[in-house]
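A quick write-up on the structure given underneath.
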Amino acid sequence: MSARRSAAQPLIEVRPSSLHGLGVFALRRIPRGTRVIEYLGERISHEEADRRYEGKSADDNHTFLFIADDTTVIDAGVGGNEARFVNHACDPNCESVIEHARVFLDTIRTIAPGEELTYDYQIQREASDPPDIDAVFACRCGLPGCRGTMMWPPRRARGARRGKRR
């Protein structure tokens, strides 16, 4: 066996995270703009995703579902890969990129060896959300400017003026 480093040396590994459960960590420097991994899992309809998780407790924030487009949801709980363990942060070092109903995680800044990879989940609010949805999907990234929730858009503070929406 050669002592040389293989070009196929992995970029990442899954291990316990201080943010939540398991996380994904850089094994070596990952430059900004690197496509790190594709979010894989069983490709199902929105209806099937709702059916699978309809009995889930309202206070259970653990999910491996990712909406790929209007007709497709990726359930990484079935046939998923390491991407399902990338945790949320309000000031992340990666972003999700959707191309042709495929989801990728790309770096938005250089990541140092040993650093945890994160992206902003931006879980969309729905009219049917329970009043405590922000607590159910609480963010614990601890970063300056943490909005306290993985939900998007952030709730306005009471009395705040309305600004333009996109």
Side-chain angles (χ1 to χ4, degrees), residues 10-42 46 49-50 52-68 73-98 103-160 163 165-166:
L11 282 177
I12 58 173
E13 72 176 356
V14 175
R15 63 178 192 238
S17 166
S18 62
L19 294 178
H20 180 260
L22 296 174
V24 175
F25 295 82
L27 289 175
R28 53 190 165 105
R29 181 180 175 274
I30 306 175
R32 177 181 182 222
T34 300
R35 177 149 291 170
V36 178
I37 193 167
E38 182 174 1
Y39 194 94
L40 297 176
E42 185 177 7
H46 288 264
D50 291 344
R52 284 184 184 182
Y53 295 95
E54 69 185 345
K56 186 175 163 182
S57 171
D59 63 351
D60 180 358
N61 70 359
H62 199 252
T63 183
F64 292 128
L65 298 177
F66 202 113
I67 298 172
V73 176
I74 300 170
D75 184 352
V78 179
N81 61 353
E82 296 93 339
R84 71 181 184 247
F85 298 114
V86 177
N87 282 313
H88 164 88
C90 294
D91 185 17
N93 51 26
C94 294
E95 66 182 351
S96 59
V97 177
I98 301 173
V103 178
F104 302 93
L105 297 180
D106 295 356
T107 59
I108 55 176
R109 66 169 174 77
T110 298
I111 300 174
E115 186 176 352
E116 184 169 2
L117 279 66
T118 59
Y119 69 100
D120 188 338
Y121 288 2
Q122 294 186 3
I123 299 170
Q124 297 298 301
R125 294 183 184 279
E126 297 180 12
S128 62
D129 288 340
D132 66 342
I133 194 69
D134 288 300
V136 171
F137 288 95
C139 176
R140 294 176 179 84
C141 71
L143 297 169
C146 175
R147 63 181 182 265
T149 183
M150 294 180 258
M151 300 301 295
W152 190 261
R155 288 209 171 150
R156 294 183 312 119
R158 289 186 179 230
R165 288 191 164 183
R166 286 194 235 175

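We're numbering straight along the sequence, starting at 1.
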- Non-hydrogen side-chain atoms of R52 and L65 separated by less than 4.5 Å: no
- Query: So, do N93 and L117 sit near enough that their side-chain heavy atoms are less than 4.5 Å apart?
  - Reply: yes
- Side chain to side chain, I30 and V36, heavy atoms closer than 4.5 Å: yes
- Item | Residue pairs passing the salt bridge (charged side-chain N to carboxylate O under 4.0 Å, His left out) test where at least one lies in residues 142-154, sequence neighbours excluded | D120-R147
- Under 6.0 Å from the CZ atom of R32, do we count more than 12 heavy atoms belonging to anything else shown? no
- Task: Answer yes or no: is there a side-chain heavy-atom contact under 4.5 Å between R125 and T149?
- Result: yes
- Take C94 and T107 through the test side chain to side chain contact (heavy atoms under 4.5 Å, CB included) and record every step on the way to the result. CA-CA 4 Å; C94 294; T107 59; 4.0 Å; yes
- Item | Point-to-point distance, once rounded to the nearest 0.5 Å, from CD of E95 to OH of Y119 | 12.0 Å
- Task: Output the distance between atom SG (C90) and atom CZ (R140), rounded to the nearest 0.5 Å.
- Result: 12.0 Å
- Item | Criterion side chain to side chain contact (heavy atoms under 4.5 Å, CB included) against L105, the qualifying member of V24, I12, I37 | I37
- Query: Counting only N and O atoms by type, is there a donor-acceptor contact under 3.5 Å from the side chain of E116 to the main-chain atoms of G114?
  - Reply: no
- How are the rings of F85 and F64 set relative to one another: parallel (under 30°), tilted (30 to 60°) or perpendicular (over 60°)? perpendicular
- Item | Which atom of R84 lies closest to which atom of Y39, heavy atoms considered | CA-CE1, 3.8 Å
- CD-CZ distance between E115 and R109, expressed to the nearest 0.5 angstrom: 4.0 Å
- Item | Nearest heavy-atom neighbours spanning R28 and P10 | NE-O, 3.6 Å
- Message: My understanding is that only residues two or more places apart in sequence, or in another chain, count here; which of them pass side-chain contact (heavy atoms from CB on, under 4.5 Å) with R29?
- Response: P31, T110, P113
- Please report the shortest heavy-atom distance between I123 and F137, naming the atom on each side. CD1-CD2, 3.5 Å
- Query: Are any non-hydrogen side-chain atoms of D129 and M151 less than 4.5 angstrom apart?
  - Reply: yes
- Looking only at atom types and distance, does a side-chain atom of D91 sit under 3.5 Å from a main-chain N or O of C146, one as donor and one as acceptor? no
- Shortest non-hydrogen contact from N87 toward L22: ND2-O, 3.1 Å
- Less than 4.5 Å apart, any side-chain heavy atom of Y121 and any of S96? no
- Answer whether the closest heavy-atom distance between the side chains of L19 and H88 falls below 4.5 Å. no
- Query: Side chains of L11 and T34: does their closest heavy-atom pair fall under 4.5 Å?
  - Reply: yes
- Please confirm whether the backbone N or O of E38 pairs with a side-chain atom of N81, one donor and one acceptor, at under 3.5 Å? yes
